[in-house]
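Just follow the structure's listing: the first ligand is 1, and inside any ligand the first atom is 1.
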Amino acid sequence: MSYELPKVPYDYDALEPAIDEQTMNIHHNKHHAGYTKKLNNAVEGYADLKGLSAESLLENLNSLDVSEEDRKAIRQNGGGYVNHRLFWEIMGPEKDVDEDLVADIEDEFGSVDTFKDEFAQAASGVFGSGWAWLVRNSDDKLEVYSTANQDSPYLNGYTPVIGLDVWEHAYYLEHQNERGSYIDAWWDVLKLLP
Ligand code: MN3
């Protein structure tokens with residue numbers, strides 16, 4: 001297996017009550033593990049792709065010499081693979097504020113609260129399944145946007161900094177259909193920002 005399911009760097013119950021233990025367990029062991037397995041299946045048989053990071057697969061998706069079926073599988077599962085890996089990393093039971101990021105957010109958005117409002121709007125506005133993102137564009141400038149399904153910012157030439165999974169599988173057990181309640185609670189477990 002080229003791509004391995006990363007460990008979650010805290011206990012599954014560590015993010016309660018924002019994210020409950022059962023959701024974390026299923027999300028990591030079923031959903032993320034599934035994307036990882038299907039990504040490996042999609043690249044199997046392409047010697048040229050061996051050793052490429054999942055990020056490079058996505059950045060160069062359109063030029064990969066693969067079948068259209070496998071290109072689609074790499075887009076979906078490669079996205080699912082890298083999106084969730086970032087998601088686990090940026091959360092935690094305790095704040096570990098990234099002061100450089102805070103300064104850049106203040107420069108770009110005026111304040112952390114203004115950024116949070118804009119980001120929450122992007123997250124609320126995702127129709128169906130997808131992600132809200134804070135990314136750095138090719139000029140290293142911060143931008144907020146959203147993607148559908150498991151589409152990764154790397155597909156658009158962006159580098160993701162913060163990502164929020166707004167698929168129902170991410171919040172339904174604890175928050176049912178209340179995506180807004182999940183988004184509000186999530187700022188407590190996003191460790192990077194105060
Ligand atoms: Mn998910």
Pairing residues for E143 by the side-chain hydrogen bond (donor to acceptor under 3.5 Å, both in side chains) criterion, not counting sequence neighbours: N137, Y158
Polar contact flag, side-chain donor to acceptor under 3.5 angstrom, D70-Y46: yes
Results of salt bridge (charged side-chain N to carboxylate O under 4.0 Å, His left out) for K141 - residues two or more places apart only: E108
For E55, all residues meeting salt bridge (charged side-chain N to carboxylate O under 4.0 Å, His left out), sequence neighbours excluded: R85
Residue and atom names of protein N/O/S atoms that fall under 2.8 Å from the Mn ion (ligand 1): H27 NE2, H84 NE2, D165 OD2, H169 NE2
Residue that, paired with H27, satisfies ring-ring contact (aromatic ring centres under 6.0 Å, His included) out of Y171, W88, Y172: W88
Ring centers of W131, Y145 separated by less than 6.0 Å: no
